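Step one of this worksheet: look at the structure below.
The sequence lines fix the lettering, A, B, ..., with proteins before strands; numbering per chain opens at 1. Worth saying up front: this structure is predicted, and the values here are computed from it rather than measured.
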2 protein chains.
Amino acid sequence: MGISKSDYFSEEQNEIASLMKALGHPARIAIIEFLLQKKSCVCGAIVTELPLSQPTISQHLKELKNVNLIKGSIDGNSICYCLNQKTLKKIQKYIQLTIANVNECDTRC
Amino acid sequence: MGISKSDYFSEEQNEIASLMKALGHPARIAIIEFLLQKKSCVCGAIVTELPLSQPTISQHLKELKNVNLIKGSIDGNSICYCLNQKTLKKIQKYIQLTIANVNECDTRC
DNA sequence: TTTTTATATTGCAATATTACGATAAATAAT
DNA sequence: ATTATTTATCGTAATATTGCAATATAAAAA
């Protein structure tokens, strides 16, 4: 249906899935990487950097903002976006606590 | 358009985005977590565990398999799915090399 | 061989995502 | 005050995702 039954999963599972989903587009990965390099954090610079139109970038920024991966602050005429350390650390921590200790398949497989 | 201009981004950006996208659904997060706990790695067990129909689970498993997050091996009548350590490590490494060293916004923000 | 069990595939409806032109809104510059 | 600049929003078309019933497939059990 295109609807995901989020009620059936834990809050953490839903939250992590939301964050992963937000990172699940190359443009948004590129935005995150751009902000990590801190070349600039002004929206216009991102629009210049990426091969997408201004409305499209604005939409991607909104999605990243919706899950608190970035935050934007008004800076005169323009808007300065920067990464939300707290949320990124949350992802990192999740990866550490789960994925980090995978083992090879045991004999059952 | 629903089409993402993947040609415009780097191979790594596209690959990471694909992996994140595959993790961008609570059911698939739940599947990964289930396999991490290794209660069992047979498909049927996952169907029993999750509140989704068998075809839906099968579809989610297919998506995880498509990006090499899991691999399945035939075990008689059933199929044993297990995590692909290599791919999970790739995610972990990416997180380490990027997200892990975020700093707070500087004076420009 | 027939039946059961386990998983995959097909087909389809509902919804979501992606992209962008046009336009709005809001501040800056002239 | 007018114009330019910057970002957001609206509207819309194209495509993708999600979910499941029905059905197919394939091995196991009877």
Sugar-phosphate, base or nothing in reach of B:Glu63, heavy atoms under 4.0 Å: sugar-phosphate
pair A:Ile31-A:Leu50: side-chain heavy atoms closer than 4.5 Å: yes
Touch class at under 4.0 angstrom, heavy-atom based, for B:Thr56 against every strand present: base
Atom-pair distance (CD1 on A:Ile79; P on C:dA28), nearest Å: 12 Å
Salt bridge (charged side-chain N to carboxylate O under 4.0 Å, His left out) between A:Glu63 and A:Lys21, worked out: CA-CA 10 Å; A:Glu63 278 176 72; A:Lys21 189 175 181 181; over 6 Å; no
Under-4.0 Å side-chain N/O to phosphate OP1/OP2 contact, A:Ser53 with C:dC20: yes
Donor/acceptor link under 3.5 angstrom from B:Gln54 side chain onto base of C:dA8: yes
A:Ser58 vs D:dT7: side-chain N/O to OP1/OP2 distance below 4.0 Å: no
Point-to-point distance, once rounded to the nearest 0.5 Å, from NZ of A:Lys93 to CD1 of B:Ile95: 15.5 Å
Short side-chain N/O contact to C:dA19 OP1/OP2 from B:Tyr8, under 4.0 Å: no
Phosphate contact (D:dG19 OP1 or OP2) by B:His60 side-chain N/O below 4.0 Å: yes
B:Cys82 and B:Leu35, any side-chain heavy atoms less than 4.5 Å apart: no
Length of the CG-C1' vector between B:Asn77 and C:dA8, whole Å: 13 Å
Between C1' of C:dA28 and CD1 of A:Ile74, the distance in whole Å: 14 Å
Which nucleotide in D:dT6, C:dT9, C:dT7 has an atom nearest any side-chain atom of A:Ser78: D:dT6
Under 4.0 angstrom between A:Lys21 side-chain N/O and C:dT17 OP1 or OP2: yes
Parallel, tilted or perpendicular: ring planes of A:His60 versus A:His25, cut at 30 and 60 degrees: tilted
Length of the line joining A:Ile70:CD1 and D:dT7:P, which is rounded to integer Å: 12 Å
Distance in angstrom units between B:Asp75 CG and D:dA28 C1', rounded: 12 Å
From C:dT5, C:dA8, D:dA8, nucleotide with atom closest to B:Cys43 side chain: C:dA8
Separation of atom CZ in B:Phe9 from atom C1' in C:dA19, rounded to whole Å: 11 Å
Sugar-phosphate only, base, or nothing, as touched by B:Val42 at under 4.0 Å among non-hydrogen atoms: sugar-phosphate
Whichever of A:Pro55 and B:Pro55 has its nearest DNA chain C nucleotide further upstream toward 5': B:Pro55
From C:dC20, D:dA27, C:dT9, nucleotide with atom closest to A:Gln59 side chain: C:dC20
Protein-nucleotide distance (B:Ile57, atom CD1; D:dA21, atom P), rounded to Å: 13 Å
Spatial distance of atom CD1 (B:Ile29) from atom CD1 (A:Ile16) [nearest 0.5 Å]: 6.5 Å
Between P of D:dT17 and CG of B:Leu23, the distance in whole Å: 15 Å
